[in-house]
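Within every chain, numbering begins at 1; the chains are lettered A, B, ... in the order of the sequence lines, protein sequences first and strands thereafter.
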Amino acid sequence: MMEAVRVAATAGLRLAWTAVTSPAARVAAVPRLARACTTIPSKYDERDPAPLFFDPNVQEILKRVTGRNYDKIFRRRYDEKRLSPPKYEFLTDEELGELREEMEKKAETLLQMPPVVKQREPIMDVLSRDPALVGFDTCRYIFTDITYGVTDRKRFIVVRDADGTLRQASWEERDRMNQIYNPQPGRKIRSHRVFEEENLKNVLDREEYEFVLDLACAQFEPDDPEYQRVTGRVYETLEARRCYQILHSTRHYGPLCFYLTWNKKIDNLLTTLIQQEMLSEGADIVRLYYLIHPDSKSAGHHVDLSLPLETIKAYMEQDSLQRAKLQLAIQAYQEIVQQRHQCQEDVKAAHGL
Amino acid sequence: MAAPVRLVCLSLPARQLCFHPTAGLRGLAVAAVSVRKPSDGQQHPALCGASSPLVQAIRHTSFFNRLTAEQLWKGVTSVSNAGKKQGRGKGVGKKIAKDLNRGQVIGIGRENMVWPGLNAPVLRGRELIQQHQLPKDEEREAKLIKIRDSQGKFRMLKLDPLERGWSGTKMPGRSIGAPNAIGEDSFEGFDTKVLELKVVTCMTAVFGRKRRMSIFAVTGNGNGLAGFALSKATTVQDAIRKVKNRAGQKLLHIQRYNDHTVFHDFFTQYGATKIYVKKMPEGYGLVCHRAIRTICEVVGIKDLHAKVEGICNVQNMTKAFFLGLINQKTHQQLANEKKLHLVEFRKEQLNFPKVVASPEDSVVRTRAEIPQEEELDLTRYLMGGSCTATTQEVPSTLH
């Protein structure tokens, strides 16, 4: 079944078009800086990260570093629903174990990561040009296939322009038509204003990172340039403020680590992890680095799971861009461990053991 | 007495009007509408029909033209002896009304006109005085205001809204401050609230009927420490002082869940007063009798639902509620009694099982060790196997 949609106000559509494309154009206009400390969010627009991201080894590492803090995974969601009084049950050990297993599965679904894929290519498909139709109307016509069961990505949507051209609809037009005929919950036809650059800055200053990321997941497709701009901006802000742990035990931690590793910016993340004595996670990040950048200098280094510090050191020696900083963090960690050991020995000696 | 009635006939474009006597006002309104629009050719179909005159009842007498000004003024500012006995005119002694006529003379007003024959003689010598305006008297308004001010100030409410009790300026519900310090022990952070204040009498051989004020109050620090007391004294001030100091001597520690609500649902009874208390989530507020609400405020309970059944006697209600509060069992106690884990499920946390208490000796019974007939529902277990009757919600489709 085909249905003709008359899109009134061509100017409105053009406005929407420019609103969507202009920030992308702005970012693209800035020459790509090879510096590691650049804070311009980068996009997955050259190499396709999807085969790497969906690689079982990479997925396993990302899931492992995400962590399983159940208090955080099952935290209260502010969904504007009324609270109800808690319920209580007396449970035996076995029943509790069964429930916990169930919850682990539930946590798995809650922590499912938004996919990291390559930015989509613009659609430039012209089906036919009919000069006889030039000036047939002042507005464009959009034809949408609304057959039941057709997915949003495979749906056939074509546009008849006022100059008589029949072409495939652009991504922006497709998003709009899909949301009209097959509305997705939490998605708006006109994007949330929070994603505009100046509003985004305000909301990130309030440290509402997860809110923005969740909202972006609901609003955009993962290959949308807007999605990659917004998430990239959030990741860069987190990197600048070194507060990666805010996203720990959430579904966004994996994509964050992937983004930082992809862009070779893991030095600060490693420093933070060492300071918080999460060495195995640090080693996992280094392993992820080797998987994503197999041509790095220390990639051939033997990775021993039981010695995370050695893995980090090998990375630091050959690939780190902020070597001094990382070395300092490792030294500080070693000193603390040594002092703690000494303290325990002293306590033992004082007790005469 | 039959009221004199005058018939009024309207000679209007809508004189064909007819209506039922009961719909008089409606008819008048319709007539007015049609007067305003005489050019409107269309007439309301209901207005056409048999013609009859427009009837309107007018009374020519009322208390307003039968009584003198003095009588009227007395009527609004005082109350008769018989009325007083029946409890009428309680605010009469207070200065709530002002006589705005005082200081005003007929014929002399704001405009300062000379009215021959009213405020001036008609003839001066042989000259006839004409009606004319004199320059304005600037001081007149100020003089009137001064006279009105001298009649006392009009004051409706004596209390700050934050200090008010349950009702108006009455004592119940009002705060009377912390108990006085005893030696070095001061009652910091405490607040006492009156629950009941009444006159009680007894007959004595010497004085006959002896009146005293009986006051019932509850004190607490809003952090789980509270006590209540009953005191009597001849004056209210003495009674207040006595009751708050006595309540400070009878403090009880009350356990609260997360400092905001009770530990669990419970039923409690004192005399014929039964209270069903329900634990509620944060933000629910205090939905209960005002006396229980006041107690909760001083104890530090913020969310709770309570239903009082039977007699709402404030003293009995307080005793029942305090009994229920101090008989609460903590989660640890419950887990120890049952030798099972007590697990909390919260809907907003996606029903994640949170173990709030495990048996202290870490010996947990297995499924096989639990008898079939044992009560495992927490609320029923706490209520001794019984459950409260609740009305079933009717599905909206059946309405």
Side-chain angles (χ1 to χ4, degrees), chain A residues 63 66-114 185-186 208 210-211 213-215 217-218 245-254, chain B residues 257-258 260-265 277-285 287 302-305 329-331 333-359 362-370 374-382:
Chain A
K63 274 180 193 164
T66 299
R68 282 289 177 103
N69 181 358
Y70 286 102
D71 285 340
K72 199 164 175 192
I73 297 168
F74 293 98
R75 70 198 169 281
R76 187 182 160 196
R77 316 274 164 155
Y78 291 91
D79 54 0
E80 299 183 359
K81 279 188 190 139
R82 257 199 164 175
L83 292 180
S84 52
K87 292 198 167 51
Y88 292 90
E89 268 179 41
F90 288 113
L91 295 182
T92 59
D93 276 332
E94 305 98 77
E95 286 165 336
L96 193 60
E98 281 166 25
L99 269 179
R100 280 188 174 149
E101 270 174 33
E102 234 174 73
M103 282 299 137
E104 269 172 32
K105 280 179 199 156
K106 214 171 186 178
E108 193 89 7
T109 54
L110 283 173
L111 289 180
Q112 194 191 13
M113 289 175 273
E208 308 266 13
E210 211 196 336
F211 167 76
L213 291 173
D214 279 337
L215 201 65
C217 276
Q245 295 308 310
I246 288 181
L247 291 188
H248 202 260
S249 293
T250 70
R251 58 178 176 155
H252 303 293
Y253 194 73
Chain B
Y257 178 71
N258 285 354
H260 80 100
T261 186
V262 289
F263 250 94
H264 51 75
D265 297 358
V277 178
K278 276 187 193 164
K279 170 180 184 158
M280 280 298 163
E282 276 171 14
Y284 184 84
V287 182
K302 292 165 194 98
D303 308 290
L304 164 142
H305 179 280
K329 287 176 180 172
T330 60
H331 291 154
Q333 277 173 315
L334 288 165
N336 288 350
E337 278 175 25
K338 280 277 179 190
K339 291 199 189 314
L340 290 168
H341 297 291
L342 184 59
V343 184
E344 183 187 75
F345 298 89
R346 283 178 179 273
K347 207 176 169 190
E348 68 269 19
Q349 292 179 358
L350 306 170
N351 287 331
F352 180 73
K354 187 183 168 196
V355 181
V356 284
S358 296
S362 65
V363 179
V364 184
R365 288 190 292 171
T366 57
R367 193 74 239 175
E369 286 168 358
I370 303 171
E374 191 177 312
E375 188 57 77
L376 283 177
D377 185 285
L378 177 71
T379 312
R380 280 212 296 275
Y381 173 66
L382 289 164

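Contact annotation for L96(A): only side-chain heavy atoms (C-beta onward) come within less than 4.5 Å of a heavy atom of chain B.
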Quick check - list every chain A-chain B donor-acceptor pair under 3.5 angstrom, one line each.
from: K87(A); atom 1: N; to: F345(B); atom 2: O; distance (Å): 2.9
from: K87(A); atom 1: O; to: F345(B); atom 2: N; distance (Å): 2.8
from: Y88(A); atom 1: OH; to: K279(B); atom 2: NZ; distance (Å): 2.6
from: Y88(A); atom 1: OH; to: E344(B); atom 2: OE2; distance (Å): 2.8
from: E89(A); atom 1: N; to: V343(B); atom 2: O; distance (Å): 3.0
from: E89(A); atom 1: O; to: V343(B); atom 2: N; distance (Å): 2.9
from: L91(A); atom 1: N; to: H341(B); atom 2: O; distance (Å): 2.9
from: L91(A); atom 1: O; to: H341(B); atom 2: N; distance (Å): 2.9
from: D93(A); atom 1: OD1; to: H341(B); atom 2: NE2; distance (Å): 2.5
from: E95(A); atom 1: OE2; to: R367(B); atom 2: NH1; distance (Å): 2.4
from: K106(A); atom 1: NZ; to: L350(B); atom 2: O; distance (Å): 3.1

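A distance of 6.0 Å separates CG in L110(A) from CG in L350(B), rounded to the nearest 0.5 Å.
Counting only heavy atoms from C-beta outward, the side chains of L334(B) and F90(A) approach each other to under 4.5 Å.
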**Request:** I would like to know whether L91(A) and V364(B) meet side-chain contact (heavy atoms from CB on, under 4.5 Å); could you show each step before the answer?
**Result:** CA-CA 9 Å; L91(A) 295 182; V364(B) 184; over 6 Å; no
